[in-house]
Trainee: 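Below is the structure I would like to discuss, written out as structure tokens.
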Amino acid sequence: MAGQDGGGRYDPTAVEAKWQQRWDETKAFAARVDADRQPYYVLEMFPYPSGRIHMGHVRNYSIGDVIARQRRMAGYRVLHPIGWDAFGMPAENAAIQHGAHPAAWTHDNIAHMRHQLRRLGFSYDWDREIATCEPRYYRWEQLFFLRMLARDLAYKRRALVNWCPRCNTVLANEQVVNGQCWRCDGPVEDRELEQWFFRITAYADELLRDLDRLGGWPERVVTMQRNWIGRSEGARIDFPLDGRDGALTVFTTRPDTIFGVTFVSLAAEHPLVPTLVRGTPAAAAVDAFTARARATSRLERTAGKDGVPTGAFCRHPLTGERIPIWVANFVLMDYGTGAVMAVPAHDERDFQLARAHDLPVRVVVQPDPPLDAATMTEAWEGPGTLVASGEFTGLPSDEAKARITAALAATGHGEATVNYRLRDWGVSRQRYWGTPIPVVYCDACGMVPVPEKDIPVVLPEDVAFTGTGGSPLATHEAFLRTTCPTCGGPARRETDTMDTFMESSWYFARYTSATTDDVPFDPAEVAYWLGQRGVDQYIGGIEHAVLHLLYSRFFTKVLRDLGFLQLDEPFRNLLTQGMVIKDGAKMSKSKGNVVDPDYLIDRYGADTARLFCLFASPPERDLDWNDQGVEGMSRFLQRLWRLTQSLAPRLAPAGAPLPSPLPPPDQELHRLVHRTIQRVTDDVVDRLHFNTAISAVMELATAIAGAVETARPATLREAVDVTLVLLAPFVPHIASELWEVSGHPGALDDAPWPRADAAALVREHVELPVQINGKVRARVTVAADAGEDEVLAAALADERVQEHLDGRPVRKHVLVRGRMVSLVV
RNA sequence: GCCGAGGUGGCGGAACUGGCAGACGCGGCGGACUCAAAAUCCGCAGUCCGAAAGGGCGUAGGGGUUCGAUUCCCCUCCUCGGCACCA
């Protein structure tokens, strides 16, 4: 592009301030229901108000903003909201460490981050901003909790839970990563506590089944959720106790191996263990063993398989044989029944325990070549033919599963059943900065839900943060002491608060009705924006693949069943963006490789920052930060600025018709304009590959610069207009400014998204590569509508083709219309 | 161990359903402008052989299907992510 001058230097700070102010004043991005137009809901995972925006946010919100702005120009009514996931531990830790109140700390952070987001020019409907720490928000959560309680979807029980001693609170299973706390990375311990749970397991089957409907989700997220839910089909089988009443119930996925059972293993925590060993010679050894197992963390328990005999026996349900009962360290109390039938020949863990303690190994599933129980060194877990299995001998193991289960069911010793790895969601947190759980405890009436008319139960602000002794709520007398809604007597409030994943499980629905205070969701708004579709496009980090994305799916189904939503799935399409990497590691304070968005905006402007995040890699991949790459984006915008400024006086008026017929020099540019429309639209709408969309516009801009001297004013006008319109979603400020400079009276945000003109894409001649024996040897130019014979003749007539054929006859030819010619000699 | 994603120039990445590998950007080299530099503009650039014309080799490695393979199939290696005693 020539270094034409005119119109002054590109000053992003001034340009961006001007347009941000205008968008603000005109409420350009307010989402309004309009029955005549298609709704489109685009949402980015809302930020935790940690204090500052980081590059991951810039990337996340830039992606969302491109989609929101493009859909808006394409004629949709767009809902594109923002808010704050404002409850959580860092606020509380700041209070303990610096004395700032969590509320003040949170609100300060929100104010700062809001300012940063505004400087980036995202097209949010700021009137729908929410902060989850406000009673206006969490009161509805308390309502949902009460309704769930009434339906037995929320319940309290004493349970072994994950306890983080550093964070002083319980963690959900989803929040334990490799035996460590997801937040502080400290080791997680088991503790037995009275806890609130949500019955997510009641939805396990639907959560699993509906994964098949999530065609707009990345396969790996679907897979991770499928594995997390972990459905196993099998059987529940009773082994009657020997010499006493009752039975031991096990769960197995291999009922076909039941004739190979040589012992039964119980979890250390199994309630039957003390009963079985009390007063027996085995008691001391078993007590020592279970005590040791309980004291070890889950991580350490994986060290090796071990067990101890209880001295008690049960009876095989089909043969009546006496079976010894063991306690084993690898049996989990919270999966299945906490008891397993041990089949050493066909389960590796049982095999190891059997070999270690000289317990019998009995082969009952025989593969080819056959196994020898005496010499085998590992369990055979594959299929085979049943042997030594009574009337079932000779059956293939697959078939035997159902047959044996049926036989057990017939005698009342078992039934087919399904087990899930998924556990109920523990939602109690022994922390202050969260939604109070709306129940009270009365000495006379027990646990009593707070009546709906009395919510919100507001989190008191006048609390003391000592950092020790658990939740400050537990010592706040005014909060704690209340009266029982049932009997009017003295009662005390629940001091646990809800897991912060509660707030994020339904915020997407609240955006439809952010300012409604009489009901959680305004019927008209929620029907229009969410309806039965859900969020049209959701964008966020992969780290939430199981946590947030599973909880919100569950919560959506609960809200549907409670009558609040008509929705089965919250997010129709999901885009999981990669991390922002610099110098080979994720940007983080501890690594010292953070790039501050404020610095970037000050130095280059928001448009450059946005453009780089979108250009450097496709969204689902990690983005490798590169300071020089940012310079490159800045250079492109400056080139665009100079080009448009210098060209503006020479352009035909906006909307001027193209010359007809188009002179040949203009045809090329005109065609490229429409090909670019096609490419960018496809990339932005269908592929979500913004990097290639941007490169296409760059090519168009280069072509315009090259055609300045030859193309007609109207052709240049079309090219410049299309360039700016296509760039508007990516770099809205500079595009708006240049749109105005180039003589458009209206705002660029209101310009319609262009359509590619099929006629413009037609070419008269095409250049085809000619392959000889699979290698490209020449190129020939033929009429676009040339027939096969004509193309072949042209190829054979080519001098270079003749050279390479060297007189040999063409044995075979392949012609692909408009693509290539292939000759075989 | 199981599941998933990936491996393309010096770097980030293109190549939509098998059809001209390396678009676009960064970095590099050469040139123009300049007293000079920066900025800007123009050009070159996978690699090897060759003065050139041209040719050989090239998408982790090996094999296969095909007129034609980065793309499909089989095997191997490597990287990243998830799950990890789930009976």
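Proteins come first, then strands; the chains are lettered A, B, ... in the order of their sequence lines, and each starts at number 1.
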Trainee: Classify the nucleic acid contact of A/Gly336 as base, sugar-phosphate or nothing, counting any heavy atom under 4.0 Å across all strands shown.
Mentor: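 A/Gly336: no heavy atom of the nucleic acid under 4.0 Å.
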Trainee: Roughly how many Å apart are B/rG43 and B/rU8, using the P atom of each and rounding to a whole number?
Mentor: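 30 Å, rounded to whole Å.
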Trainee: Assuming nearest nucleotide by heavy-atom distance, tell me which of A/Glu631 and A/Ile542 is located more 5' along RNA chain B.
Mentor: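 It is A/Glu631 whose nearest nucleotide is closer to the 5' end.
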Trainee: Could you work out, with side chain to side chain contact (heavy atoms under 4.5 Å, CB included) as the rule, every residue matching A/Ser822, not counting sequence neighbours?
Mentor: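 Side chain to side chain contact (heavy atoms under 4.5 Å, CB included) list for A/Ser822, sorted by chain: A/Gln771, A/Val814, A/Met820.
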Trainee: Counting the atoms with a prime plus P, OP1 and OP2 as sugar-phosphate, which does A/Arg635 contact under 4.0 Å by heavy atoms, base, sugar-phosphate, or nothing?
Mentor: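 Sugar-phosphate only.
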Trainee: Are a donor atom and an acceptor atom from the side chains of A/Asn773 and A/His804 found within less than 3.5 Å of each other?
Mentor: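 No pair is found: no donor N or O on one side chain lies under 3.5 Å from an acceptor on the other.
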Trainee: In chain order, what residues pass the side-chain hydrogen bond (donor to acceptor under 3.5 Å, both in side chains) check against A/Asp789, with sequence neighbours excluded?
Mentor: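 Testing A/Asp789 for side-chain hydrogen bond (donor to acceptor under 3.5 Å, both in side chains), a comparison that skips the adjacent residues, returns none.
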Trainee: With sequence neighbours excluded, what pairs up with A/Asn227 under the side chain to side chain contact (heavy atoms under 4.5 Å, CB included) test?
Mentor: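 A/Asn227 satisfies side chain to side chain contact (heavy atoms under 4.5 Å, CB included) with A/Thr223 only.
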Trainee: So, does A/Arg639 get its side chain near the phosphate of B/rG25, meaning an N or O under 4.0 Å from OP1 or OP2?
Mentor: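 Checking B/rG25 against A/Arg639, a side-chain N or O does come within under 4.0 Å of OP1 or OP2.
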Trainee: Tell me yes or no: between the side chains of A/Ser232 and A/Asn419, is some donor less than 3.5 Å from an acceptor?
Mentor: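 No pair is found: no donor N or O on one side chain lies under 3.5 Å from an acceptor on the other.
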Trainee: In B/S/- notation, 5' to 3', how is nucleotides 10-18 of chain B contacted by protein heavy atoms closer than 4.0 Å?
Mentor: --BSSSS--
Trainee: Within the structure, does a side-chain N or O atom of A/Arg421 lie under 4.0 Å from either OP1 or OP2 of B/rA84?
Mentor: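 It does, given that an N or O in the side chain of A/Arg421 lies less than 4.0 Å from OP1 or OP2 of B/rA84.
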Trainee: Summarise how protein sits on nucleotides 48-70 of chain B as a single string, 5' to 3': B when a protein heavy atom is under 4.0 Å from the base, S for sugar-phosphate-only contact, - for no contact.
Mentor: ------SSSS---------BS--
Trainee: Name the residue closer to the 5' end of RNA chain B, choosing between A/Phe251 and A/Pro769 according to the nucleotide with the nearest heavy atom.
Mentor: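 That would be A/Pro769.
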Trainee: Expected output check: what is the dot-bracket annotation of RNA chain B, where ( ) and [ ] are pairs inside the strand (brackets for crossing ones), | is paired with another strand, and pairs are Watson-Crick or G-U under 3.5 Å?
Mentor: (((((((..(((......[....))).(((((.......))))).((((....))))..(((((..]....))))))))))))....
Trainee: Check salt bridge (Lys or Arg N to Asp or Glu O under 4.0 Å) between A/Arg679 and all other residues, then give those that pass, not counting sequence neighbours.
Mentor: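 Counting only residues at least two positions away or on another chain, A/Arg679 forms a salt bridge (Lys or Arg N to Asp or Glu O under 4.0 Å) with A/Glu699.
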Trainee: Could you note down all residue pairs passing salt bridge (Lys or Arg N to Asp or Glu O under 4.0 Å) where residues 618-632 of chain A supplies at least one of them, sequence neighbours left out?
Mentor: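 Qualifying pairs: A/Arg603-A/Glu631.
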Trainee: Categorize A/Met633 for me: base, sugar-phosphate, or nothing, with a 4.0 angstrom heavy-atom threshold over every strand shown.
Mentor: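 The residue A/Met633 makes sugar-phosphate contact but no base contact.
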Trainee: Report the residues that fulfil side-chain hydrogen bond (donor to acceptor under 3.5 Å, both in side chains) with A/Asn626, sequence neighbours left out, ordered by chain and then residue number.
Mentor: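 side-chain hydrogen bond (donor to acceptor under 3.5 Å, both in side chains) check on A/Asn626 returns nothing, list empty.
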Trainee: Suppose the criterion is salt bridge (Lys or Arg N to Asp or Glu O under 4.0 Å): which pairs have a residue in residues 769-780 of chain A, not counting sequence neighbours?
Mentor: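 Sorted result for residues 769-780 of chain A: empty, none.
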Trainee: Going by side-chain hydrogen bond (donor to acceptor under 3.5 Å, both in side chains), name the residues that satisfy it together with A/His548, two or more places apart in sequence or in a different chain.
Mentor: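 Checked A/His548 against side-chain hydrogen bond (donor to acceptor under 3.5 Å, both in side chains); matches are A/Tyr538.
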Trainee: Any salt bridge (Lys or Arg N to Asp or Glu O under 4.0 Å) involving residues 248-262 of chain A? Give me the pairs, sequence neighbours left out, ordered by first then second residue.
Mentor: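 Sorted result for residues 248-262 of chain A: A/Arg254-A/Asp256.
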Trainee: From the options B/rC20, B/rC86, B/rA23, select the nucleotide whose nearest atom is closest to the side chain of A/Glu699.
Mentor: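 Per side-chain heavy atoms of A/Glu699, the pick is B/rA23.
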Trainee: Looking for any heavy atom pair under 4.0 Å, which part of the strands does A/Arg349 touch: base, sugar-phosphate only, or nothing?
Mentor: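 Since a base atom lies under 4.0 Å of A/Arg349, the category is base.
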Trainee: Taking syn as within 90° of 0 and anti otherwise, name the glycosidic form of B/rG82.
Mentor: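 Anti.
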Trainee: Check the phosphate of B/rC86 against A/Tyr420, side-chain N and O only, distance under 4.0 Å to OP1 or OP2. Yes or no?
Mentor: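 Answer no for this pair, as no side-chain N or O of A/Tyr420 is under 4.0 Å from OP1 or OP2.
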